[in-house]
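Single-structure report; data block below.
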Amino acid sequence: RRGKGRDGDLFRQGRERKTAGEETTMDELTRSFCQAAEAYGLSLTDKQREQFSRYGALLLAWNEKMNLTALTAPREVAVKHFIDAASVWRPDWFTGEVRRVVDVGTGAGFPGLPLKILHPELDMTLVDALQKRVRFLEEVIDALGLTGVTALHARAEEAARQKSCRERFDAAVARAVAPLPVLTEYALPFVKVGGFLAAQKGAKVQEEAAAAAKAIDLLGGAPPVTEAVSLPGLDDARAVLYVKKMRPTPALYPRKAGTPEKKPLEDA
Ligand code: SAM
């Protein structure tokens with residue numbers, strides 16, 4: 001693997017040197033994550049623990065050079081990124097039939113990469129418009145030895161028009177990408193009829209759902225179902241909003257890149 005990703009090599013060399021500071025941060029991250037996972041009710045294999053630990057270490061190392069996350073305290077990365085990502089998965093939605101999943105606007109891999117680590121049977125596509133974030137994702141995929149996961153550098157509006165992506169996924173997931181009317185236009189075109197979109201949202205989930213009612217209907221979705229989420233040690237309001245796809249999305253959507261954001265369907 002040497003010589004493949006320049007930044008990753010720097011990181012690996014750093015690890016080999018095992019400076020006291022790096023060891024402490026990594027150990028703390030692993031410990032925090034294992035505690036939070038237990039409190040959340042996740043049971044992890046040694047391989048999954050190791051994969052989360054390496055992912056966290058790479059995230060913090062690359063974050064020194066590019067903007068990947070505002071959260072850098074080990075406990076925050078563990079809970080607000082890793083466990084938060086895990087919370088999008090619910091057995092009544094992610095049944096055994098769900099295989100192909102797309103994470104729209106994945107950034108540094110949230111929620112798609114933790115989902116893939118926890119549920120390796122998923123075939124995951126991570127989409128982001130920023131090339132440098134996609135390079136980071138490729139490095140993580142390689143370092144963790146993950147298969148069945150692809151990082152795609154594209155705008156959602158363009159990827160969702162490609163034959164290989166349009167209405168090809170059993171589920172789309174997304175966190176912190178856009179307000180719901182805009183996000184629905186980005187994400188529902190990827191989803192097969194019978195599949196669903198799972199959008200992670202905060203305290204204003206009901207207002208967002210109301211504002212997105214028209215967009216969801218136009219794009220072929222059913223009225224959303226909201227599920228509250230509670231993370232270990234946090235009492236802020238979080239929810240996942242699930243939108244089942246009932247009908248094909250009209251060919252008109254998504255509109256050209258930038259239009260969904262500039263002219264959301266609620267106002268169209
Ligand atoms: N989902 C990640 C998370 O929760 O940590 C990243 C959130 S970040 C605030 C939003 C991400 O969405 C950015 O990485 C940005 O490049 C990406 N994004 C925004 N609009 C997009 C679009 N139209 N197509 C693809 N990616 C988009």
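These figures come from a predicted structure and were not determined experimentally. Atoms within each ligand, like the ligands themselves, are counted from 1 in listed order.
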re atom 9 (C) of ligand 1, the protein heavy-atom contact at minimum distance is A176 O, 3.1 Å

Can the ring centres of F110 and Y55 be said to be less than 6.0 Å apart?
-> yes

Nearest to atom 6 (C) of ligand 1, what protein heavy atom do you find, and at what distance?
-> G105 O, 3.5 Å

Nearest non-hydrogen protein atom, atom 17 (C) of ligand 1 = D128 OD2, 3.3 Å

In terms of side-chain geometry, is the basic nitrogen of K80 or E76 positioned less than 4.0 Å from the acidic oxygen of its partner?
-> yes

Considering heavy atoms of the protein only, find what lies nearest to atom 23 (N) of ligand 1 and give residue, atom and distance to 0.1 Å.
-> E157 OE1, 2.9 Å

Which residue holds the protein heavy atom closest to atom 19 (C) of ligand 1, what is that atom called, and what is the gap in Å?
-> V177 CG1, 4.0 Å

Can the ring centroids of F94 and F196 be said to lie less than 6.0 angstrom from one another?
-> yes

Per-atom contacts, ligand 1 versus R133 - under 4.0 Å to a heavy atom | 13 (C), 14 (O), 16 (O)

Would you find a donor on one side and an acceptor on the other, under 3.5 Å apart, between the side chain of R54 and the backbone of A143?
-> yes

So the atoms of ligand 1 within less than 4.0 Å of a heavy atom of A154 turn out to be 25 (C)

Got a donor-acceptor contact below 3.5 angstrom from the N63 side chain to the L68 backbone?
-> yes

Among protein heavy atoms, which sits nearest to atom 26 (N) of ligand 1, and what does the distance come to when rounded to 0.1 Å?
-> A129 N, 3.3 Å

Sub-3.5 Å donor-acceptor pair from the side chain of K116 to the main-chain atoms of T147, do we have one?
-> yes

What do you reckon, does P111 have a nitrogen or oxygen under 3.5 Å from a nitrogen or oxygen of ligand 1?
-> no

Where ligand 1 meets G107 - atom numbers and elements under 4.0 angstrom, heavy-atom basis | 6 (C), 14 (O)

Taking the six-membered ring for Trp, are Y242 and W93 parallel (under 30°), tilted (30 to 60°) or perpendicular (over 60°)?
-> parallel

Check: E261 and Y186 side chains under 4.5 Å, non-hydrogen atoms = yes

What atoms of ligand 1 come closer than 4.0 angstrom to any heavy atom of Y186?
-> 23 (N)

Nearest-contact summary for atom 24 (N) of ligand 1 - protein heavy atom, Å = A156 N, 2.8 Å

Could you list the residues that satisfy salt bridge (Lys or Arg N to Asp or Glu O under 4.0 Å) with D123, not counting sequence neighbours?
-> none

Identify the closest protein heavy atom to atom 4 (O) of ligand 1: which residue and atom is it, and at what distance?
-> R175 NE, 2.5 Å

